[in-house]
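Quick notes on the structure that follows.
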Amino acid sequence: MFNPNDYYQSGQYKAAGGTISDHNQGRGWGPITFLEGFQRSSNVAMAYLLEKIGQDRYLDYLNDFHFGQKTGIELPGETSGKILYNYPLEKVTTAFGQGTTVTPLQLIQAETAIAGNGEMLKPYIIDKVVDPTSNKTIYKNEPITVGTPIQKDTAEKVRGYLESTVSAENGTGKPFKLSGYTVAGKTGTAQIPNPDGSGYMTGLENYLFSFLGMAPADNPQLIVYVAVQQPQLDVYESGSAPVSLVFNTVMENSLKYLAIQPTNNAEPKATKVPNFEKQSVESFQTGLQKKGIDVVIIGNGDKVIGSVPNPGATVLEGEKVIVVTDGEKTVPNMIGWSQRDVLKVIEATKSDYHMLGSGFVIKQSVTPGQIVHEGEPLVVTFETYEESSTQENEEITEEDLPQD
């Protein structure tokens with residue numbers, strides 16, 4: 001049913017009543033595996049997976065996980081949420097979380113099944129009440145199993161997939177990586193309806209950003225859900241920034257409070273950019289790549305004449321180093337790059353770059369591999385994840401759905 005190594009065509013998916021687009025304006029990332037699609041939060045991947053599992057069976061799973069039902073927690077005013085699953089388009093959008101509403105308590109309750117090898121536990125507030133005089137326990141809550149929606153081996157596999165969204169290079173959960181502890185979880189970006197009921201709010205900050213995570217990933221002891229609505233973001237920040245600030249602090253301190261020992265996870269290795277004098281491009285590139293550095297070659301020459309950062313600078317494993325050769329300068333493929341990395345190319349090529357927007361590169365005016373001369377104007381357009389989501393969701397709004 002779900003083979004993480006199967007391929008699908010990302011970008012767009014034609015559904016009855018509308019088009020489902022991935023959050024980078026429907027460009028996608030070409031043919032990729034379903035696991036990579038999951039890591040990248042691909043809506044199209046979820047649409048294809050719904051085909052595989054079947055719409056009726058997926059609805060059974062939603063019910064088995066008790067979505068659309070109150071948890072029965074000892075708090076007043078609990079709501080049940082609502083599963084929108086009447087029309088073909090609603091069924092597809094529900095597969096990636098649009099339209100259907102769930103509560104944080106429902107999410108945490110469902111997550112206990114993944115953390116607890118298939119056993120779903122009812123949440124409660126008070127663990128026990130102790131008489132301060134006699135020190136006797138006069139009331140104690142016990143775990144109550146409310147369902148087993150999945151099998152043990154399925155829960156173990158799902159934990160692995162969720163952990164990969166945090167550890168993978170392209171995972172949307174990378175900001176939630178902890179030092180010494182493995183985290184399994186998933187990000188969320190929810191639209192906020194306009195007060196007048198006319199569709200959804202737009203803009204960089206007008207979302208509910210969230211993360212639901214558990215740790216340690218292989219044997220979860222804690223589940224933490226954090227949601228931040230309409231945070232004030234700097235131009236270079238994503239919605240995950242304020243969420244990770246809360247989640248990482250709470251999760252790490254709580255794990256330490258519970259005396260859960262960290263593992264010896266290796267920190268990203270640091271290395272110094274070597275001196276390039278009298279080095280060929282091939283040897284310089286090979287030396288850096290062996291240390292886990294992402295080497296980007298500028299030019300078609302055989303000898304290295306410069307690098308950004310400069311020789312002696314400290315770089316971390318996975319970081320980009322721009323290598324300038326003695327040949328004519330060429331422009332790399334910068335789609336998906338951060339502004340920080342684009343600035344390295346500007347410094348290396350001494351070109352007249354114009355950077356529009358913020359976030360990550362979605363367009364460049366010069367074709368990758370094309371020769372560029374010093375002072376030649378180049379335009380690089382950026383877009384944040386949230387802006388991309390806005391463009392995508394403009395295609396599918398409440399007005400697009402059949403009305404009762």
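Basis for what follows: all heavy atoms, side chains included, without hydrogens, waters or symmetry-related copies. Since the structure is predicted, the reported quantities are computational estimates derived from the model, not experimental observations.
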Does Trp29 have any ring pair (Phe, Tyr, Trp, His ring centres under 6.0 Å) partners at least two apart in sequence or in another chain, and if so, which?
-> His23
Kindly write out the residues that satisfy ring pair (Phe, Tyr, Trp, His ring centres under 6.0 Å) with Phe276, not counting sequence neighbours, or none if the list is empty.
-> none
Give the minimum heavy-atom separation between Ser238 and Leu233, together with the two atoms involved.
-> O-CD2, 3.7 Å
By salt bridge (charged side-chain N to carboxylate O under 4.0 Å, His left out), which residues pair with Asp64, not counting sequence neighbours?
-> none
Keeping to residues at least two apart or across chains, list the salt bridge (charged side-chain N to carboxylate O under 4.0 Å, His left out) pairs with something in residues 114-130.
-> Asp127-Lys140
With sequence neighbours excluded, what pairs up with Phe176 under the ring pair (Phe, Tyr, Trp, His ring centres under 6.0 Å) test?
-> Phe211, Phe247
Heavy atoms only: give me the nearest Lys70-Gln106 pair and the separation to one decimal.
-> N-NE2, 4.5 Å
Validation row: Asp352, Leu378 side chains within 4.5 angstrom (heavy atoms) | no
How long is the span from the CG atom in Asn170 to the OG1 atom in Thr165, to the nearest 0.5 Å?
-> 12.0 Å
What distance separates Ile322 CD1 from Lys320 NZ, expressed to the nearest 0.5 Å?
-> 7.5 Å
Report the C-alpha distance between Thr367 and Val331 in whole Å, list the side-chain angles of each, state the deciding distance to 0.1 Å, and finish with yes or no for side-chain contact (heavy atoms from CB on, under 4.5 Å).
-> CA-CA 7 Å; Thr367 305; Val331 174; over 6 Å; no
For Gly213 and Met251 the tightest heavy-atom approach is O-CE, 3.8 Å
Under 4.5 Å between any side-chain heavy atoms of Leu343 and Val345, yes or no?
-> no
Does atom CD of Glu74 have more than 12 heavy-atom neighbours from other groups under 6.0 Å away?
-> yes
Residue pairs passing the side-chain hydrogen bond (donor to acceptor under 3.5 Å, both in side chains) test with at least one member in residues 295-314, sequence neighbours excluded, are Lys272-Thr314
Short side-chain to backbone donor-acceptor contact, Gln364 and Pro332, under 3.5 Å | yes
Assess whether atom CD of Gln370 is packed by more than 12 heavy atoms of other residues, nucleotides or ligands within 6.0 Å.
-> yes
Set of residues satisfying side chain to side chain donor-acceptor pair (under 3.5 Å) with respect to Glu252, sequence neighbours excluded | Lys256
Mind checking what makes side chain to side chain donor-acceptor pair (under 3.5 Å) contact with Ser164, not counting sequence neighbours?
-> Gln39
Determine whether Tyr353 and Val379 make a side-chain contact, defined as any pair of heavy atoms from C-beta on separated by less than 4.5 Å.
-> no
Is there a side-chain contact between Gln69 and Ser80 (heavy atoms, below 4.5 Å)?
-> no
Flag for Ser10-Ser42: side-chain donor and acceptor within less than 3.5 Å | no
For side-chain contact (heavy atoms from CB on, under 4.5 Å), just list the numbers for Ile362 and Asn24, CA-CA rounded to whole Å, side-chain angles, deciding distance to a tenth of an Å, and then say yes or no.
-> CA-CA 8 Å; Ile362 62 165; Asn24 57 356; 5.8 Å; no
Value for CD (Gln289) from CG (Asp294), rounded to nearest 0.5 Å, stands at 8.0 Å
Where do Val273 and Pro309 come nearest, in terms of heavy atoms and distance?
-> CG1-O, 3.9 Å
Check: Glu282 main-chain N/O paired with Gln285 side-chain donor or acceptor under 3.5 Å | no
In chain order, what residues pass the ring pair (Phe, Tyr, Trp, His ring centres under 6.0 Å) check against Phe38, with sequence neighbours excluded?
-> none
Is any side-chain heavy atom of Pro216 less than 4.5 Å from a side-chain heavy atom of Leu255?
-> yes
Given salt bridge (charged side-chain N to carboxylate O under 4.0 Å, His left out), test Arg57 with Asp60 step by step and report yes or no.
-> CA-CA 5 Å; Arg57 190 171 184 184; Asp60 289 340; over 6 Å; no
Do Thr349 and Lys329 have side-chain atoms, one donor and one acceptor, less than 3.5 Å apart?
-> no
Side chains of Val183 and Lys177 in contact at under 4.5 Å (non-hydrogen atoms) | no
Taking all non-hydrogen atoms of both residues into account, name the closest pair between Ala47 and Val92 and its distance.
-> CB-CG1, 3.7 Å
Under the side chain to side chain donor-acceptor pair (under 3.5 Å) test, which residues partner Glu78, sequence neighbours left out?
-> Thr71
Any donor-acceptor N/O pair, Asn194 side chain to Ser198 backbone, under 3.5 Å = yes
Within residues 150-173 or reaching into it, pairs that qualify as salt bridge (charged side-chain N to carboxylate O under 4.0 Å, His left out) - sequence neighbours excluded = Glu169-Lys174
What is the distance from atom CG of Leu62 to atom OG1 of Thr94, rounded to the nearest 0.5 Å?
-> 7.0 Å
Donor on one side chain, acceptor on other, Tyr13 and Glu51, under 3.5 Å | yes
Hey, do the aromatic rings of Tyr161 and Phe2 have their centres closer than 6.0 Å?
-> yes
Would you check if the side chain of Thr263 reaches a backbone N or O of Gly180 as a donor-acceptor pair within less than 3.5 Å?
-> yes
Do any N or O atoms from the side chain of Asp341 and from the backbone of Trp337 form a donor-acceptor pair under 3.5 angstrom?
-> no
About how many Å separate CG of Asn219 and OG1 of Thr182, when rounded to the nearest 0.5 Å?
-> 9.5 Å
What is the distance from atom OH of Tyr139 to atom CD1 of Ile126, rounded to the nearest 0.5 Å?
-> 6.5 Å
Is a donor on one side and an acceptor on the other found under 3.5 Å between the side chain of Gln191 and the backbone of Met201?
-> no
Specify the closest pair of heavy atoms between Gly118 and Pro149, including all atoms of both residues, with the distance to one decimal.
-> O-CD, 3.5 Å
Check the pair Thr79 / Thr103 against side-chain contact (heavy atoms from CB on, under 4.5 Å), numbers first and verdict last.
-> CA-CA 8 Å; Thr79 61; Thr103 68; 3.6 Å; yes
Heavy-atom check, side chain of Thr100 versus side chain of Val102, under 4.5 Å = yes
Is there a side-chain contact between Thr325 and Val304 (heavy atoms, below 4.5 Å)?
-> no
Side chain to side chain donor-acceptor pair (under 3.5 Å) between Ser41 and Lys186, intermediate numbers included | CA-CA 9 Å; Ser41 294; Lys186 194 71 186 69; 2.5 Å; yes
Verify, without hydrogens or angle tests, whether Tyr8 (side chain) and Leu49 (backbone) share a donor-acceptor contact under 3.5 angstrom.
-> no
Polar side-chain atom of Ser210 near backbone of Val226 as donor-acceptor pair, under 3.5 Å | no
Sequence neighbours excluded, the answer for side chain to side chain donor-acceptor pair (under 3.5 Å) partners of Glu328 is none
Under the side-chain contact (heavy atoms from CB on, under 4.5 Å) rule, what do Ile293 and Thr271 come out as? Steps first, then yes or no, please.
-> CA-CA 9 Å; Ile293 303 302; Thr271 188; 3.8 Å; yes
